[in-house]
Amino acid sequence: MTGAAPTGSPDPLTSALKRRAAELGFDAVGVARVEPLEDREHLERWLARGHHGQMGYMARNPEKRADPRRVLADCRSVVCVALCYGPQRDPQRDARLGRIARYAVGEDYHRVMGEKLEALWQWLQARSPGVRGLWYVDTGPVLERAWAERAGLGWIGKHSGLLSRERGSWFLLGELLVSIKLAPDARATHHCGTCTACLHACPTGAIVAPYQVDARRCISYLTIELRGPIPRELRRLVGDHVFGCDLCQDVCPWNRFARAGREARLAPMAELARWSLADFLALDEAGFRALFARSPIRRARRAGFLRNVCVALGNRGEAGAVPALTRALASDPDPL
């Protein structure tokens, strides 16, 4: 599957690369021509407003994020891939565990997509001796959504996520920077129209204007990236989210066309079937690391995750959680 109609007849290598990507399980692949991105100005304004919060890594080397030739000097093409996940919400699981973003209920996508991208990169090396390249899954100085838009995989929506008419928004992105010229795809066009459903759905008002997200108010940032306490005025608005948030995607009309994820490793972790929200408070550091060893939830670290659990239990107000909260207050070694 390709991202969009190509600008011309793709060369045999580009066509074969796309077929190989599909064989590896990617749901879409597109190629972007390497030119500086105009999105750099948007990034710089976002940083100047402080909307990145504690994510200091976003402020490092913004010029690299806009021009991959500052990452790979002889980069000539950016191959963008998408992997659908989109497991349906399970109300019973949410009631037991709190709300976990759909992408995070299974194995860490960095590992899953990384293995597929490494296989694609090795395939390309075998067919183009001497080619240089680097691949990333949400880990390098790459404006992944901007490059995916240029590669035809979708357009950046008003919630700042990527949207596709064929896949909605329930998909993950990865990139392969390569030193050879591949046939580029046509840039995606925008189709949000006058819809503002995502802005109205955000309980914390993090989408401060179309295409502008103040991460400091975003539930995903508050429950994953933020170190230290969640600001008191935002705690009630976090609800029972314990890792990430899907609310702006849940209401997006384009997700009527979302495709079911095919990657079994992104399915809900069987290990959590016996757990409840209050049970998590008994996890020590070793227990947390063992339970979430293969999960993206480990990114929040034990202190951050159990902070989220306490906030979620407080917002639910269930009397049955009081003993677990009391024990945590009295004996947990972490002040948070």
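Atoms considered below: every heavy atom in the structure, side chains included; atoms not considered: hydrogens, waters and symmetry mates.
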D246-Y103 side chain donor-acceptor pair, cut-off 3.5 Å =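 D246 vs Y103: no donor-acceptor pair found between side chains.
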Go through the side-chain N and O atoms of H190 and E149 and say whether any donor and acceptor fall under 3.5 Å apart.
->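 Yes.
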State whether the side chain of T204 and the backbone N or O of L237 hold a donor-acceptor pair below 3.5 Å, judged by distance alone.
->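 No, T204 side chain to L237 backbone: no donor-acceptor pair under 3.5 Å.
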Counting distance only, does the side-chain N/O of R150 pair as donor-acceptor with the main-chain N or O of E35 below 3.5 Å?
->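 Checked: pair present.
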Would you say D108 and R298 make side-chain contact, with heavy atoms under 4.5 Å?
-> yes
Below 4.5 Å, heavy atoms only, C-beta onward: do F280 and L306 meet side chain to side chain?
->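 Side-chain contact under 4.5 Å: yes.
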Could you grab the distance from atom [atom1] of [X] to atom [atom2] of [Y], nearest 0.5 Å is fine?
X	Y	atom1	atom2	result
R299	T223	CZ	OG1	11.5 Å
S169	R102	OG	CZ	8.5 Å
L272	I100	CG	CD1	6.0 Å
H110	L117	NE2	CG	12.0 Å
F305	L291	CZ	CG	8.0 Å

Stepwise side chain to side chain contact (heavy atoms under 4.5 Å, CB included) check, E144 with Y136 = CA-CA 9 Å; E144 60 178 11; Y136 294 106; over 6 Å; no
Shared-cluster residues of V213, by chain and number - hydrophobic side chains joined below 4.5 Å |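 L199, I207, which link up through side-chain heavy atoms under 4.5 Å apart, make up the rest of the cluster.
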Taking atom CZ of R316 as the centre, report whether more than 12 heavy atoms of other residues, nucleotides or ligands fall under 6.0 Å from it.
-> yes
Quick one: do Q212 and W46 satisfy side-chain hydrogen bond (donor to acceptor under 3.5 Å, both in side chains)? Show the steps, please.
-> CA-CA 8 Å; Q212 296 182 39; W46 184 72; over 6 Å; no
W170 ring center within less than 6.0 Å of W254 ring center =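 Here the rings of W170 and W254 have centres that are no less than 6.0 Å from each other.
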